[in-house]
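Heads up: the structure comes next, in structure tokens.
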Amino acid sequence: MAQIIALANQKGGVGKTTTSINLAAALNKAGKKVLLVDADPQGNATSGIGIDKAAINIDLYDVLLHEADLGDVVLTVDGVDLLPATIQLSESEVQLVAADRREYRLKDALAKVADQYDYILIDNPPSLGLLTINSFTAADAVLIPVQTEFYALEGLGQLINSIELVRQNLNHQLEMAGILLTMYDARTNLAKQVAEEVRSYFDNRVYQTVIPRTVRLSEAPSYGQAIIDFDPKSLGARVYREFAQEVIKQYG
Ligand SMILES: Nc1ncnc2c1ncn2[C@@H]1O[C@H](COP(=O)(O)OP(=O)(O)OP(=O)(O)O)[C@@H](O)[C@H]1O
Ligand SMILES: [Mg+2]
């Protein structure tokens with residue numbers, strides 16, 4: 001059975017998509033069978049992994065609202081399976097409101113394929129709407145990327161409350177996978193201070209691996225590649241491979 005991990009933080013631009021793509025690719029290179037679910041209407045994971053969104057006419061929206069068969073929607077890119085998103089998915093936030101089992105739509109869909117994968121990673125939008133709630137309901141664990149900058153801890157309280165609410169009401173087994181520090185700039189004292197602050201607050205729930213800020217990591221998506229394919233020897237590639245090992249230690 002797949003370990004299902006939702007990558008979430010309602011704060012924008014903290015490294016959710018970068019981590020989703022690169023963790024998926026690194027887990028795959030480590031021999032794991034991975035499904036990456038793009039649950040963000042921005043579709044950044046879809047394009048970042050190399051899919052031309054304009055060329056797709058069926059996506060997660062059709063799975064959530066029209067019970068499309070995953071086999072008709074999933075694409076395989078560089079060994080990673082992708083359940084893509086396009087702007088069409090933005091309609092689902094509103095349309096789900098009137099749907100029955102509206103919080104369980106993603107869970108129901110993934111249940112049919114979970115035995116085919118070791119890991120299912122879900123990249124979420126920067127909000128706590130119904131798409132994110134569907135992810136939390138479907139997931140075993142939430143992985144929270146936190147950017148090591150001044151406002152790092154802002155909003156984490158609401159996020160953790162939301163995880164708790166879903167645990168109580170929709171998905172009793174939901175846990176926090178951990179906090180991943182991202183975009184760490186070792187040259188600044190601020191980054192060190194923030195990292196220390198997050199660690200003193202969340203203690204052993206913070207991953208040992210810290211993702212550095214590197215230009216190569218920000219360039220890779222425009223080439224439609226994960227960093228380990230785009231520049232396998234780069235620092236970013238090395239660190240995401242390390243992070244995959246840390247996740248494998250945690251979940252097998
Ligand atoms: N470690 C890093 N070093 C340098 N740039 C990075 C790094 N991680 C992410 N970025 C860049 O920062 C921007 C935001 O990253 P990303 O898209 O992964 O965040 P996000 O949390 O998914 O954003 P959103 O909330 O909009 O979905 C992107 O331009 C990305 O390329
Ligand atoms: Mg994103």
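Computed over heavy atoms, backbone and side chain alike; hydrogens, waters and symmetry mates excluded. Atoms within each ligand, like the ligands themselves, are counted from 1 in listed order.
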message: Counting backbone and side-chain atoms alike, is an N, O or S atom of Ser20 positioned under 2.8 Å from the Mg ion (ligand 2)?
response: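 Coordinating: no.
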
For [X] and [Y], does a side-chain donor sit closer than 3.5 Å to a side-chain acceptor?
X	Y	value
Ser127	Gln10	no
Thr17	Asp123	yes
Gln147	Tyr184	no

- request: State whether Phe202 and Arg205 meet the cation-pi test: NZ (Lys) or CZ (Arg) under 6.0 Å from the six-membered ring centroid, and within 45° of the perpendicular axis.
  value: no

task: Of all the heavy-atom pairs spanning Pro126 and Gln42, show the shortest one and how long it is.
output: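 Between these two residues, the closest heavy atoms are CD-NE2, 3.7 Å.
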
- prompt: Protein heavy atoms: any of them under 4.0 Å from atom 28 (C) of ligand 1?
  reply: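 No, no protein heavy atom sits under 4.0 Å from atom 28 (C) of ligand 1.
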
field: atom 1 (N) of ligand 1 protein-contacted, heavy-atom criterion under 4.0 angstrom
entry: yes

Which residue and atom name correspond to the protein heavy atom nearest [atom], and how close is it?
atom	answer
atom 12 (O) of ligand 1	Met183 CE, 3.9 Å
atom 19 (O) of ligand 1	Gly15 N, 3.0 Å
atom 14 (C) of ligand 1	Gly13 CA, 3.8 Å
atom 31 (O) of ligand 1	Ser218 CA, 3.4 Å

Would you check whether [X] has a nitrogen or oxygen atom less than 3.5 angstrom from a nitrogen or oxygen atom of ligand 1?
X	answer
Thr214	yes
Leu217	no
Lys16	yes
Gly12	no
Gln42	yes
Pro212	yes
Thr18	yes
Thr17	yes

Using modelled atom types only, decide if a donor and an acceptor are shared between the side chain of [X] and the backbone of [Y] within a distance under 3.5 Å.
X	Y	value
Asn134	Arg102	yes
Thr182	Val14	yes
Asp140	Ile4	yes

- request: Measure the distances from the heavy atoms of Ile211 to every atom of ligand 1 and state whether one is below 4.0 angstrom.
  value: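 Yes.
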
field: Worked check of salt bridge (Lys or Arg N to Asp or Glu O under 4.0 Å) between Arg216 and Glu219
entry: CA-CA 5 Å; Arg216 295 304 263 170; Glu219 289 171 340; 2.9 Å; yes

task: Check each of Gln245, Arg241, Lys33, Lys32 against Leu27 using the side-chain contact (heavy atoms from CB on, under 4.5 Å) test, and report the only one that passes.
output: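 Exactly one candidate clears the test, Lys32.
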
statement: The residue among Val113, Leu121, Asp115 that forms side-chain contact (heavy atoms from CB on, under 4.5 Å) with Tyr117 is Val113

Pair Glu164 + Arg167, salt bridge at N-O below 4.0 Å: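 Answer for the salt bridge query: yes.
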
- request: Below 4.0 angstrom from a heavy atom of Val14, which ligand 1 atoms are there? Numbered from 1 as shown, please.
  value: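 Contacts of ligand 1 toward Val14, numbered from 1: 19 (O), 20 (P), 21 (O).
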
statement: Note: ligand 1 atoms sitting under 4.0 Å from heavy atoms of Asp40 are 27 (O)

- prompt: For ligand 1, does Pro125 get within less than 4.0 Å through its side chain, its backbone, both, or neither, judged by non-hydrogen atoms?
  reply: neither

